Amino acid sequence: MRIFKSLALHSCLFFSGIVLFFTSCSDNSYLNAIPGESTALISMDMQKMEKGSPVRNENTVLKSILHVKDISDCGIDVGHKMYFFESQDGNLGLCAKVKDHDNLQNWLHQLSQKGTCQELSEHRGLQFTVLKNAWVLGFSHHAMLIMGPVTVSAQAEMIQQMATYLKEDEDDGIKSSPLFDALDTISSPMAMVAQAQALPQKLVAPFTIGIPRGADASQVLIAADIEKDGKALLFHGKTFSFNHDVDAALKKAVKVYRPITGRYASTMPSDAVVGIFMNVDGRKFLPLMQNNRGLTALLAGINEAIDVNSIMNSVNGDMNIILPTMGDNSLEMMWGAKLANCNWLGDVDYWKQSVPKGGKILDSGKNAYYYTDKKTTFYFGASDDLQFYSGSSAILAKNSILKSKDAIPSSLQKLMIGKKMVMIINLGNTKRDKKQNALSLFTGFLSPLFGQVSSIVYILR
């Protein structure tokens, strides 16, 4: 009997050990520190990074983020995924698993002696420091958070907020969020799920095309895997929604897109902020455009004087929308498209007679016109070979269908061919626009991981 009891006891201990082993190996409690209401989430799985990958090894990744030279014994567990996020209030963050609390504490103390960060302080039983006078770093025995950027005067408030995050349980952390569930289904070494509303307003439109009237960007999410190609960061993604009706509408809208031929691939200048490219039958695309708040807002300044719907009904082929800048005070855009016909030209005389008070439409050449009022000037016309061209100046309008003298790289142009919809964001230009804080999730965190990155390219699956 003693033998059986001994065997039973050892068996229990053995299986208990196995349970503890697998529990420790799969311990994801550190994820509870990520705010459950985050609007954007990016995962990076170092274990899946292939040799020769454009993404650097884990040491270089953390060096880039933490601005340190040696992290060989820093206490961070690079065997678990690291997560980048944007909180609901717009703060950016990084969450990593802590492997050894004491090592991490000693390492940060050494960094403080070198002036890389402030000396550690304690708050609610947690350790905190500040990196580069802008990024607050806090950690528990399970998780390390870096959040910011914040001003010196806001650092105390950030520490209090991060202390709350670091003490959250599973019900309040990101694991209880549908956003995390969606991200967890993507097997790519780097993946992203984000609410469309987390992006700057003028970048939201391409992702919300097709949603029903009355729905908004908060109901639309973007899921993508991430890779680097040259100096471009590629996001191969799709839009979806947890709302059944919105999700069905988004899936239906994707069917409107046809393979891009590349006719206008070279029209985007290398210094333009954003370029959106697609191939559509305007008659099918028009209802989607009419329901899209972003596109209607973009064209609001001219739609009162020019029947944009009539022009769109004549489109049949490749189409581009290029934003030279992201200014909010004036319309800055180029819009070109292949036409099936020029029937809308017969309506221009009527448009001239019905322009809003204070505005006028004047001739500027053969089948070419411009609208002007106190706020807006917009040139538009049709070429002899059935192309619509337009822009906020005569030069921009002309160039909307012509090869740019300083076009985006040919590698980016080739990426468009055969795709459904492509959006190119010039990081060099957005960095000069302080209003584009939402892009900091990429420019502030991700760019250093990949070395030199000049463009973000979203490719609709």
Side-chain angles (χ1 to χ4, degrees), residues 30-31 33-35 37-44 56 58-71 74-78 81-99 101 103-124 126-140 142-168 174 198 427 430-431 434 436-451 453:
Y30 74 104
L31 297 177
I34 302 175
E37 300 299 322
S38 294
T39 57
L41 194 60
I42 296 173
S43 65
M44 183 166 61
R56 305 169 187 177
E58 58 268 26
N59 285 352
T60 307
V61 168
L62 290 174
K63 286 178 189 177
S64 299
I65 297 169
L66 302 178
H67 304 282
V68 297
K69 294 182 179 180
D70 184 10
I71 61 162
C74 67
I76 298 172
D77 190 345
V78 295
K81 290 182 180 179
M82 289 190 293
Y83 289 83
F84 305 89
F85 61 89
E86 181 176 352
S87 64
Q88 193 174 35
D89 54 8
N91 287 309
L92 308 176
L94 161 68
C95 179
K97 180 176 171 57
V98 171
K99 184 177 182 180
H101 179 275
N103 282 354
L104 178 55
Q105 180 174 285
N106 292 335
W107 174 63
L108 289 171
H109 175 70
Q110 293 173 14
L111 292 183
S112 69
Q113 300 301 305
K114 299 176 182 178
T116 304
C117 66
Q118 296 179 9
E119 183 58 77
L120 287 170
S121 61
E122 186 174 327
H123 181 73
R124 294 174 60 185
L126 302 166
Q127 300 293 312
F128 289 91
T129 184
V130 179
L131 299 165
K132 302 297 182 181
N133 294 319
W135 298 90
V136 178
L137 183 153
F139 61 98
S140 65
H142 304 286
M144 180 191 75
L145 277 183
I146 302 175
M147 293 188 67
V150 292
T151 61
V152 174
S153 61
Q155 288 171 8
E157 183 179 354
M158 176 63 78
I159 288 174
Q160 291 182 16
Q161 184 64 67
M162 289 173 62
T164 299
Y165 292 149
L166 286 164
K167 289 180 175 291
E168 296 284 25
I174 196 64
L427 291 181
T430 57
K431 287 177 182 177
K434 295 181 180 180
Q436 306 313 312
N437 291 331
L439 288 177
S440 295
L441 187 58
F442 308 115
T443 59
F445 272 151
L446 292 187
S447 293
L449 310 187
F450 293 88
V453 175

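Just so we're clear, the structure is a prediction, and the values are computed from it rather than from any experiment.
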Legend entry - Whether over 12 other heavy atoms sit under 6.0 Å from K99 NZ: no
Inset, instruction - Identify the heavy atoms of K81 and S43 that sit nearest to each other, and give their distance. - result: CD-CB, 4.2 Å
Inset, instruction - Over 60° means perpendicular and under 30° means parallel, so classify the ring planes of F128 and H123, tilted if in between. - result: perpendicular
Inset, instruction - Rounded to the nearest 0.5 Å, what's the gap from CD on Q161 to CD1 on I159? Could you check? - result: 12.0 Å
Inset, instruction - Quick one: pull up NE2 in H109 and CD in Q113 and give me the separation to the nearest 0.5 Å. - result: 4.0 Å
Inset, instruction - Output yes when a side-chain donor or acceptor of T129 lies under 3.5 Å from a complementary backbone atom of Q118, and no otherwise. - result: yes
Inset, instruction - State the OG-CD distance between S121 and Q155, to the nearest 0.5 angstrom. - result: 10.0 Å
Legend entry - Residue pair L92 / E86, side-chain heavy-atom distance below 4.5 Å: yes
Legend entry - Side-chain heavy atoms of E122 within contact of Q127, under 4.5 Å: yes
Inset, instruction - Determine the minimum heavy-atom distance between V98 and H101, stating which atoms define it. - result: CG1-N, 3.8 Å
Inset, instruction - Answer yes or no: is there a side-chain heavy-atom contact under 4.5 Å between Y30 and M82? - result: no
Inset, instruction - Quick one: pull up CG in L145 and SG in C95 and give me the separation to the nearest 0.5 Å. - result: 5.0 Å
Legend entry - Separation between CZ of F139 and CG of L126, rounded to the nearest 0.5 Å: 9.0 Å
Inset, instruction - Using a 4.5 Å cut-off on heavy atoms from C-beta on, say whether the side chain of I174 contacts that of F85. - result: no
Legend entry - Point-to-point distance, once rounded to the nearest 0.5 Å, from CE of M147 to CD1 of I34: 10.5 Å
Legend entry - Within 6.0 angstrom of E119 CD, more than 12 heavy atoms from elsewhere: yes
Inset, instruction - Check whether any side-chain heavy atom of H142 sits under 4.5 Å from a side-chain heavy atom of L166, and report yes or no. - result: no
Inset, instruction - May I ask you to test the Y83-L41 pair for a side-chain heavy-atom distance under 4.5 Å? - result: yes
Legend entry - Criterion side-chain contact (heavy atoms from CB on, under 4.5 Å) on T164 and R124, from CA distance to verdict: CA-CA 9 Å; T164 299; R124 294 174 60 185; 3.3 Å; yes
